[in-house]
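For the single chain, residues carry numbers from 1 onward in sequence order.
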Amino acid sequence: MQRSAQERYRERLRGQQRPEADAVDTALAAALAVYRHTAEQRGSEKDVRRSDGLELMAINYLVSRGYAPKMAERQVRRRVRRLDVEDLVPMVSGASQPAAPIFPHKPS
């Protein structure tokens, strides 16, 4: 039986330990959830407002793609304001740091 091009592509990604887009999207949502949670814990109104702005941009993007505004807002809020956010903190806070900087700092 012949495998589809998509199956071969996914197998190649797994072999490279390269995440698919949905894994990257989940990681970004987890990072934003922890960012917001940390801002709330520290009482940083500035960072909570930044998180609000990022959430609004995500909602606007979904609405521009044809989703209902209320449903887009509901889903974004569910992803960012998670009940299990404490479990995400060590996952996004560097418990498994890359061996080398991925984005080296360029002097200004």
Discussion item. Suppose the criterion is side-chain hydrogen bond (donor to acceptor under 3.5 Å, both in side chains): which pairs have a residue in residues 5-15, not counting sequence neighbours?
Written reply: Arg3-Glu11, Arg10-Glu20

Worksheet item: Should Val34 and Val24 be counted in the same cluster of Ile, Leu, Val, Met, Phe, Trp and Tyr side chains packed under 4.5 Å apart?
Response: no

Worksheet item: For Asp84, what residues pass the salt bridge (charged side-chain N to carboxylate O under 4.0 Å, His left out) criterion, not counting sequence neighbours?
Response: Arg82

Discussion item. Nearest 0.5 Å, please: how far is CG in Asn60 from CZ in Arg65?
Written reply: 14.0 Å

Item to complete: In sequence, state the C-alpha distance, the side-chain angles, and the governing distance for Asp52 and Arg49, and then conclude on salt bridge (charged side-chain N to carboxylate O under 4.0 Å, His left out).
Response: CA-CA 5 Å; Asp52 287 341; Arg49 282 193 310 273; over 6 Å; no

Worksheet entry | Heavy-atom check, side chain of Glu55 versus side chain of Arg81, under 4.5 Å | yes

Worksheet item: Mind checking whether Arg77 and Ile59 have side chains closer than 4.5 Å, heavy atoms only?
Response: yes

Worksheet, complete the sentence: When rounded to the nearest 0.5 Å, the distance separating CD of Glu40 from CD of Glu45 is 11.5 Å

Worksheet item: Is there a chain of hydrophobic side chains (I, L, V, M, F, W, Y, each step under 4.5 Å between heavy atoms) that links Met57 to Leu62?
Response: yes

Worksheet entry | same_hphob_cluster(Val89, Leu32) at 4.5 Å side-chain heavy-atom cutoff | no

Fill in: Beyond-backbone contact of Tyr35 with Arg50, side-chain heavy atoms, under 4.5 angstrom
yes

Worksheet item: Is the CZ atom of Arg78 crowded by more than 12 outside heavy atoms at less than 6.0 Å?
Response: no

Discussion item. Between Val63 and Tyr67, is there shared hydrophobic-cluster membership here, with clusters defined by ILVMFWY side-chain heavy atoms closer than 4.5 Å?
Written reply: yes

Discussion item. Hydrophobic cluster membership, with links at side-chain heavy-atom distances under 4.5 Å among I/L/V/M/F/W/Y: are Val85 and Val92 in one?
Written reply: yes

